[in-house]
Structures are given as structure tokens and as C-alpha cells.
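Notes for the one structure printed next.
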Amino acid sequence: MSNYTNIEKKWQKYWEDNGVFVAENASSKPKYYYLVEFPYPSGAGLHVGHVRSYTALDALARKKRMNGYNVLFPMGWDAFGAPAEQYAIKNHIHPKDAVKKNIETFKNQIKSLGLSIDWTREFSTTDPEYYKWTQWQFLKFFEHGMAYKAKKNINWCPNCKMGLSNEDSSGGVCERCGHSVEQREKEQWMLRMSDYAEDLITGLDDTNFQERIKTAQINWIGKSTGAEVTFKIKEIAEDLVVYTTRPDTLYGVTFMVISPEHPLIEKYQDKISNINDVNAYKEKAKNKTEFERTQINKDKTGVKLEGLTGINPITKEEIPIYISDYVMMNYGTGAIMAVPAHDERDFEFAKKFNIPIIPVIEQITGQKHDNEKQKRSIVAVVYDEESNKYLTINWKNLGGRLFIGGTIKENESALDCAIREIQEETGYKNIEYVDSCFPINHHYFAYNKNQYFEIESTGLLFKLINHEKTDQILDDDEIDNFIVEWKTKDEIEKEITDELHINTFKNLLNPTAYTGDGKMINSGILNGLTNKKDSIARMIEYLEEQGIGKKKTNYKLQDWVFSRQRFWGEPIPLVYCDSCGWVAVKEEDLPVLLPDVTNYEPTETGESPLASISSWVNTTCPHCGKKAKRETDTMPNWAGSSWYFLRYMDAHNDKEFASQEALKYWGKLDFYNGGMEHATRHLLYARFWNQFLYNIGLVPNKEPIETRVSHGMILGEGGVKMSKSLGNVVNPDDMIKSYGADALRCYEMFIGDYEKEVAWSEQGLNGCKRFIDRIVRIGEKVNNDRNYSKSLETLINQTIKKVTEDIDAMKFNTAVSALMILLNEFERQEEITKADYRVFLLLFNPIAPHITEELNEKYELGDIICKSSWPTYDLNKIEETEKEIAVQVNGKVRATISIHTDDSEDTIKNKALAAENVQNHIAGKEILKIIVIKNKIVNIVLK
RNA sequence: GCGGGUAUGGCGGAAUUGGCAGACGCGCUAGACUUAGGAUCUAGUGCCGUAAGGCUUGCAGGUUCAACUCCUGUUACCCGCACCA
């Protein structure tokens with residue numbers, strides 16, 4: 001057992017007995033609210049990762065109090081949810097009892113760390129006094145039409161027998177158990193979170209979240225702007241509406257695709273002549289898990305809807321309609337217009353199903369110029385399979401290496417032109433046409449003609465059949481100026497630099513959709529535009545004029561699936577009555593308590609275990625008094641954590657979820673720490689929930705959180721993840737026993753950048769224990785002087801500044817390092833003063849609160865530290881008057897000189913030049929200039 | 001594919017506005033004190049070299065008297081999102 005255990009117990013008891021850390025709800029001091037995500041009290045107990053973030057926030061809170069703030073730093077328990085239920089099922093105890101036991105363990109562990117938590121505000125989300133208000137707030141959503149029940153295809157985990165939100169099933173696997181998720185149609189309570197998509201984006205401007213958290217949220221919300229376009233279907237009266245972000249490519253639409261779940265199919269099944277094939281495909285798609293379906297790089301599949309024909313609203317062309325699982329029903333309208341020339345997925349699909357591909361955007365290469373002459377031309381690539389080489393022409397200094405190029409004559413096709421040019425320039429006559437690629441809009445200057453050109457160039461690929469040749473037909477200026485050469489792909493990629501030729505080559509070898517910007521072609525009203533943004537705007541304008549489309553914004557964010565078919569959650573406080581429908585439980589009847597039962601395992605049918613408790617289910621309608629049934633679904637465990645930070649402001653109020661005074665006094669949560677894994681889910685739910693409460697006038701701020709930070713994970717020794725199976729989990733209790741809580745805290749703060757993950761090292765922890773031992777031992781050198789030692793004054797002031805700034809910036813590692821440097825200096829002294837020692841202890845107290853209080857008391861240095869003020873520094877005493885600075889010769893350090901801060905530039909120059917090693921390096925050389933940066937460096941530049 | 005991030009000794013990591021790269025700690029080496037040491041203290045410790053000196057912040061360039069830091073390109077790894085139309 002650590003020799004510090006008794007000291008730690010002593011001070012923990014003192015803080016508790018004296019209520020030192022109890023926050024006041026009315027105070028003349030400025031307020032500050034720190035919160036670290038409350039833990040899920042699992043059976044495994046506290047993890048060293050918890051210790052890292054708890055200690056960091058504790059250090060901030062302790063320092064803030066010493067700076068004169070009324071600090072709220074509470075703690076509670078997020079104890080509903082599947083793990084507690086699973087644990088209870090496995091061990092045959094009631095989840096209530098399991099949770100109680102786990103909370104006790106956690107609380108003792110947390111207490112042994114000596115955190116400055118206000119335990120008077122503690123609660124668990126599973127307390128009826130708390131979940132009463134979770135239910136009450138749900139009823140607010142219900143009252144305002146924000147909650148609705150819908151039959152939905154939901155993500156279903158067959159292992160947990162539970163519906164999951166999109167957020168809980170990302171990647172197509174169950175967040176809890178890792179089993180792959182199926183689609184199942186179920187009636188679920190939903191919250192209209194998608195209504196808040198825009199507000200959840202703009203609200204981020206009022207927060208001080210880390211950039212990575214903001215981007216993660218914006219990404220998740222997935223805003224995109226585009227247009228909805230109405231396509232007529234030839235055979236039926238109903239239109240097919242699609243969503244597109246690229247209305248500028250409408251002229252290139254050559255087919256449409258609808259999702260397998262699209263209602264059109266069932267509605268018009270008698271019009272679809274191959275309905276059996278279509279239904280077979282639908283069935284197949286349904287059985288695929290979301291994960292399989294969203295695997296990219298898999299082959300496109302689909303079936304054409306025979307008997308239904310789409311009509312392009314712009315060109316009036318008839319186009320086929322397909323169903324394919326690459327179109328999702330839950331995004332946009334579940335139907336797309338396909339532009340194979342400019343969308344990779346559509347391109348792939350068109351290739352597979354042999355659908356025409358019409359380019360409407362030409363890639364632009366070269367620089368546009370005034371007074372250009374227009375012409376059409378070709379670039380021909382000839383491939384010889386035998387040698388695996390391509391035919392090129394080396395123009396030497398007249399233009400480098402190129403493929404065969406040429407101008408298309410009047411009444412000539414691109415193909416004829418290419419064949420002609422190949423023969424004329426190289427003589428090869430037996431070639432076979434393979435493919436051509438999209439035209440490129442190229443700008444260049446022809447030196448031989450002294451003229452700027454804008455060309456529309458088509459690329460064509462040929463295969464050489466044999467090496468038979470005819471005579472070349474060359475213009476006068478071509479003779480003797482070029483060599484025909486066969487080159488490999490690698491050589492070509494190195495040697496051909498012409499933008500047009502190399503792009504053509506790439507496009508021919510690897511045909512893909514062109515998704516970039518360019519010049520509009522084949523596009524009626526848009527022809528000639530060269531900017532995507534303009535084209536889109538122009539097209540939307542046109543669509544709106546014609547009444548065939550409108551501008552539209554879409555979000556990936558879906559409504560929140562709020563039902564869980566589980567026992568261990570807040571019961572949804574609604575009752576179904578045959579005459580009144582869904583009715584809210586009366587406020588005075590809240591909370592709707594979870595019944596005490598013996599069996600809380602999920603049912604095979606996927607219904608909540610609550611459904612089998614008829615005495616609980618059967619009730620009367622709060623509205624008409626007739627027989628009615630309770631909702632048996634419970635809430636997800638994100639519910640309780642969506643507003644818990646408000647409850648701490650007034651934790652034991654039994655009239656309201658928190659009083660308006662308390663909500664106004666504490667205002668925003670100033671500083672919130674939590675894992676990166678909650679950047680999208682918990683944090684979005686909490687913001688959504690709070691924005692809703694704000695909109696109905698129940699909380700004073702639209703955004704609940706000011707600053708959000710995330711800590712890096714602690715990995716096991718060697719940098720692998722800590723896990724039970726690897727047996728490398730470090731138990732904080734053991735560490736406290738062997739090294740003491742202060743050493744553990746100090747080590748976790750010193751271990752590295754707070755935001756980065758880092759590997760555990762017990763030797764490192766031992767180093768911090770040694771540091772603390774040395775702090776204790778240095779007490780023997782303390783004399784009775786109450787002023788700083790003269791020789792330490794500068795360093796002490798520097799250290800105060802450094803530690804103050806570092807803790808505020810959460811750079812705990814360098815704060816500890818600064819204190820180590822100060823201690824090293826103390827050890828070099830014969831004796832130190834009480835003031836020296838006390839300021840050290842004050843600075844170290846936020847990180848190691850027990851030992852610092854103990855030593856402060858033992859040596860009678862001053863007031864108890866937790867009630868003392870944070871030390872201040874004197875800027876005048878920070879700057880040294882004597883300094884060592886480096887002298888460089890040509891940027892390399894050759895000597896150091898000591899200067900006085902009052903020294904003139906000339907004095908410094910002379911000192912620098914006089915240094916012996918500098919003399920050695922400048923001897924016999926001419927000095928170009930001498931750069932003197934005051935108090936920093938001298939650089940002598942030689943010729 | 002898109003978005004975000006990271007890269008510095010044997011290891012964790014420092015380095016304000018561009019100004020002595022490697023602070024501080026771990027580990028390691030030698031020594032002291034010890035019956036003993038997984039305690040403590042002293043000295044040393046980026047790499048090559050006996051030394052003078054040279055080299056060194058993922059890689060390749062650039063700007064500058066001066067670059068871990070700024071610019072261009074590139075590689076590797078990590079995280080988030082992903083057939084999102």
C-alpha cells in the first residue's frame with residue numbers, strides 16, 4: 001500500500017465534511033460550469049481512460065475556483081440501456097440492483113481519485129425522480145407534434161432483438177453486439193429531428209467546438225443543394241419526381257433509376273410486363289443487409305421496368321426506367337435521373353446495361369485566349385498488342401512527343417479523319433477502331449500559324465493489326481521534322497506533357513464519367529456556359545419557369561427512431577385508446593414507473609418484455625376513461641443523456657426539471673469533455689433536444705454547450721488497445737494502491753498531448769511517483785523566510801506564468817514539466833523559503849490535490865490551499881537581464897555569448913565577432929552582413 | 001471516393017511571431033552509498049566520427065541571413081462519412 005493512502009483519505013474526508021466543492025446557485029462570484037460526460041456504470045469498473053478526462057476537468061475546476069469562480073463540477077450516472085439489461089439477464093438479478101451495485105463501485109473509485117465534485121447534485125438517469133422529467137419532456141415533443149408513430153423499415157438487430165437508429169447501426173452492424181443489421185418493418189416512435197437539420201448546422205456558429213467535431217456533425221447532417229425535377233411517364237398519369245444536385249446535366253439524362261422499395265412499382269404492377277423479374281429483384285434487395293447493399297465497388301445490378309417509359313422533361317426524349325439497389329428510398333425521392341457521362345455510378349450502370357452515354361460537359365484544357373480560331377480535331381492513339389507499345393510522334397524541339405493529331409475536314413467524320421491522319425503521318429494502314437472518349441475543349445497557340453485556336457478534340461483508340469505500311473504523305477513543314485516511335489505506357493506518361501494529349505490518353509485507357517467542370521455542349525439553353533454554378537442556376541431558373549422542377553435542399557439526417565423494444569429504459573408515457581388514439585399520460589401521473597417483474601428478456605416477436613405484463617399494460621384512457629393500453633416501447637438510452645446537464649443546475653427540484661432561475665443562472669454549459677465517439681450522436685441529440693426546449697420557451701439558450709473538447713484514448717503498453725482479451729487492462733484501483741492517487745493523476749496529465757491517444761507506461765507512472773517523493777523530501781530544506789529566494793525569483797515567476805497558461809490551454813504535460821524544472825532548481829539550492837515551497841504547492845495543487853494540502857499544512861506555509869487564491873506573477877521579474885544567446889556563422893551555431901539585455905547592437909556584434917570559435921570560422925573570409933535579433937540570436941553571413 | 005488529422009532520438013513527448021531542434025520524463029551507461037536494491041544521489045546519453053567536424057524533425061523541391069514552423073508537390077498511417085443522386 002502506498003504511503004500516501006492515509007493522507008489521501010484524510011483530505012478527501014476534509015473536503016466532503018466541509019462541503020468545500022458544493023456549488024452555490026446564487027453567488028456574487030462569476031459562474032463556471034465544467035462537465036465531463038457521465039459514465040455508464042458497467043460491471044468492469046473505472047478505466048484509466050476515465051481517470052484522464054476526470055483529472056483534467058478536475059484540475060481546471062480546482063484552478064478556476066482558486067481564480068475566484070463559483071464552479072459547478074457535478075457527476076452522475078447514465079444507467080439505462082442494453083448493457084445493464086444484458087448483465088442483469090446473465091446474472092439473474094434485477095437491472096435496478098445491478099445498476100445500484102455498479103454505481104457504488106464507480107463512485108468509490110471516482111472518490112479515491114480526489115475529484116472536486118459536488119456530490120450533492122448526483123443522480124442517475126434511472127432514478128424515477130429523474131426519468132419523470134425525461135418522460136415529461138418527451139410529452140412536450142408529443143404535444144408539439146414532434147413525436148409521431150410510423151411504420152418504418154428500421155434497422156433491426158436480430159441478436160439483440162431490438163430496433164436501432166441509423167446512428168446506432170452505422171456500418172451496417174449493431175453498435176452493441178456487432179451483429180449485422182437487417183431491415184424490418186415496425187411501428188416506431190419517431191422524433192422529427194430532420195426538421196432541425198438546418199438549425200443544427202447554423203447553431204454550430206454559436207459554439208466553440210473543436211473544428212473536427214463541427215465537421216463531423218456537418219458531415220453527418222449531410223446538407224446538399226440541388227433541384228427536384230418532375231419526369232412524366234408515358235404510360236401513366238403519375239409523374240416521377242427525382243432529386244439531383246446536378247440539374248445542369250439534364251440534357252445528358254439517358255435513363256432513370258428508382259429504388260426497389262419505390263411505391264410506384266406496386267401501384268402500377270399491372271403496367272409492368274416483367275413484374276415477376278422486378279419482384280424477384282425486390283426480394284433479393286430486401287434480404288441484403290444495409291451493409292451489403294452499401295458496399296461500394298460491387299457490381300451494379302438492376303432490372304428494367306418494361307412497360308413504363310420516362311420522358312426527359314427538357315429534351316422530350318423517351319428514356320428507360322430501371323430499378324436498382326444503388327438508389328436508396330430514404331434519401332431524396334427514392335428516384336434518380338441518370339447521367340452516365342457525368343456520374344460514375346450511372347456510368348457503370350450504363351456500361352453494364354448498354355445504355356447510351358451523352359456527354360454534355362467538355363473538359364477544358366489549355367488557356368483560353370482572345371481571337372481564337374475554332375476547329376474540330378482528333379487525337380488518335382494506336383496500340384500494338386504484340387510489343388505492348390503505343391504509336392507516338394517525336395516532334396523534337398517543335399513540340400515534344402505527341403500522339404497523332406489532326407484537323408477534321410468538312411464533311412469528314414472524326415473516325416475517317418483519324419484513319420486518314422494515321423496513314424498520312426505514319427503510313428500504318430491496317431488498324432482497327434476500338435473506342436473513343438469524350439471530346440475535350442482545348443485552347444492553344446500554334447506557332448507555325450501564329451494563331452490561337454480553340455478546338456473540340458475527340459480522342460480515338462485503335463489497335464494495330466499488322467505493320468504493313470503505305471508511304472507517308474507529309475506537308476512540306478513536316479518533312480524531316482519528326483520521328484515516328486513506339487513507346488510504352490510508362491515512357492508516355494513521363495514524356496508526353498501536352499495537356500490535351502495526355503488527358504486523351506488517360507481517358508481512352510480508363511474510361512470514366514467526367515465529373516469536373518467544363519464547357520456545356522449538347523445542352524440547348526446551357527450551351528457555351530463554362531461554369532457549373534452558372535449552369536445549375538440557369539437550369540433551376542428554367543425549370544421553375546416551366547413548372548417542371550424547383551430548387552431543393554436535402555439532408556442525410558433522418559428523424560430519430562425513439563422506440564426500443566426493451567425493458568430497461570424510460571417507459572414512453574403514452575396510452576392507446578380505441579376511441580381517442582394516442583393520448584399522453586397526465587402530468588400528475590408521471591413518472592410512469594417500470595414495473596417490478598421477474599422476466600425482462602426480449603421477446604421473440606420483437607415486442608418489449610413490458611407487453612407481457614398485462615396488469616401494467618391495461619389501463620384507462622386519461623382522456624375518455626375507457627379501457628386503454630400503455631405503450632410498451634421504452635426510450636433509447638440517448639434520451640436521458642440529452643438533457644442531464646440541465647438537471648445538475650437544480651438536481652433535486654420536484655416541481656420542474658429545473659427552475660428557470662437555476663437555468664438562467666448557470667446558462668450554457670461552459671466546458672464539456674467527452675469521447676470523440678459521441679461527436680455526432682450524443683452531441684447532436686443533446687443539441688436537438690435543447691433547441692426544441694428553447695423553441696418552446698423552457699430553456700434560455702438555443703445552444704446548450706459553449707466549448708467541447710475530447711480526450712485521446714489511453715492504449716495499453718506497446719500501443720495496442722486495452723482489452724480484456726489481451727489482458728492488458730490497467731485497473732486504476734491497483735495503480736492508486738501502489739503509487740497513490742496524486743501520482744496517478746500527475747502521470748495521466750504528464751503522459752502527452754491531452755487530445756491524442758497515448759500508450760500506457762507503468763514506468764512512466766513510477767517516474768511521477770518519484771517526482772512526488774522528491775517534492776516531499778525537499779520540505780526538509782524549508783527555512784522560515786516568507787519571501788521568494790532571490791536566486792529563484794525569476795524562475796518562480798516564469799513558472800507561475802507557464803503553469804497558469806498551460807493549465808488554461810489544457811497543456812497539462814508542459815505544466816507538469818515546468819514544475820519539474822522548478823523542483824530541479826530547488827534541489828540545487830542549500831535551502832528554500834516557505835514562499836518558494838508554498839507557491840510550488842499552489843501551482844501543483846490542481847493536479848495533485850492531496851499531497852500539496854498535506855505539505856502546506858505540515859510546514860505551516862499558509863491557508864488551506866483549496867480556499868486560497870491562485871498565485872500571480874510579476875512580468876518585470878520574468879525577463880532576465882543576463883542572457884546566453886547563440887552566434888551562427890552562415891546559419892550554423894558556432895558559439896554562445898552572454899549578453900546584457902541593455903547591450904547595444906554594436907556591443908553584441910563585437911561580442912559575437914570576438915568569440916573564439918567564431919574567429920576560427922570567419923578567418924580569411926569576407927563578411928557580407930551580420931544579423932542581430934535582440935536577445936535571440938546573431939547570424940554572421942559570409943560571402 | 002469525400003472530409004478531418006498525424007509524422008521529431010531507443011520510448012512518451014517539448015519548441016511563443018520563422019531565431020541554439022530534442023525541454024521534461026522514461027529507458028540506458030558509468031560511478032557513489034549500501035548486507036541488499038525494482039531505494040536514493042552524481043555524471044553521461046540524437047546519429048556518424050578518436051577528434052576537428054559532418055548529418056538530423058516521413059520524402060522531394062521552394063522562399064529566407066535563418067524553416068519542425070511558411071509555400072508547392074509527394075508518401076505512409078490514423079479517425080469520421082460513404083452507391084446520399
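Every chain is numbered from 1, with letters handed out A, B, ... down the list of sequences. What you see is a predicted model, and the numbers here were worked out from it, not measured in a lab.
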Does A/K892 put a side-chain nitrogen or oxygen below 4.0 Å from OP1 or OP2 of B/C55? yes

Work out how far the C1' atom of B/C68 is from that of B/A23, and round it to whole angstrom. 15 Å

Going by distance alone, is a donor N or O of one side chain under 3.5 Å from an acceptor N or O of the other, for A/S259 and A/E261? yes

With a 4.0 Å cut-off on heavy atoms, is A/E757 in touch with a base, just the backbone sugar-phosphate, or nothing at all? sugar-phosphate

Complementary nucleotide for B/C55 - Watson-Crick or wobble, under 3.5 Å: B/G46

Tell me which nucleotide, if any, is Watson-Crick or G-U wobble paired with B/G31 when both distances must be under 3.5 Å. B/C41

Does a nitrogen or oxygen in the side chain of A/T215 sit under 4.0 Å from OP1 or OP2 of B/G80? no

Ignoring hydrogens and geometry beyond distance, is the side chain of A/N939 in donor-acceptor contact with the base of B/C65 at under 3.5 Å? yes

Heavy atoms under 4.0 Å, any strand shown: does A/N824 hit a base, just sugar-phosphate, or nothing? sugar-phosphate

Let's test this: given Watson-Crick or G-U wobble pairing with both distances under 3.5 Å, identify the partner of B/A36. none

Please name the nucleotide paired to B/G3 by Watson-Crick or G-U wobble geometry with both distances under 3.5 Å, or report none. B/C79

Of B/G27, B/C24, B/A85, the nucleotide closest to the side chain of A/Y243 is B/A85

In terms of ring plane angle, is the pair A/Y685 and A/W638 parallel, tilted or perpendicular, where the classes change at 30° and 60°? tilted

Hey, which sits more toward the 5' end of RNA chain B by its nearest nucleotide, A/G764 or A/N920? A/G764

From the set B/C65, B/C84, B/U17, return the single nucleotide nearest to any side-chain atom of A/K936. B/U17

For the aromatic rings, using the six-membered ring if either is Trp, is the centroid distance between A/F353 and A/F255 under 6.0 Å? no

A/K769 has an atom NZ; how far is it from atom C1' of B/C26, in whole Å? 16 Å

Would you classify A/I931 as touching base, sugar-phosphate or nothing, given that sugar-phosphate means primed atoms plus P, OP1 and OP2, and contacts are heavy atoms under 4.0 Å? base

Give me the distance, rounded to whole Å, that separates B/G61 from B/A43 when you measure between the P atoms they each carry. 43 Å

Nucleotide forming a Watson-Crick or wobble pair with B/G25, both distances under 3.5 Å: B/C11

Separation of B/A66 atom P from A/I933 atom CD1, nearest Å, is 13 Å

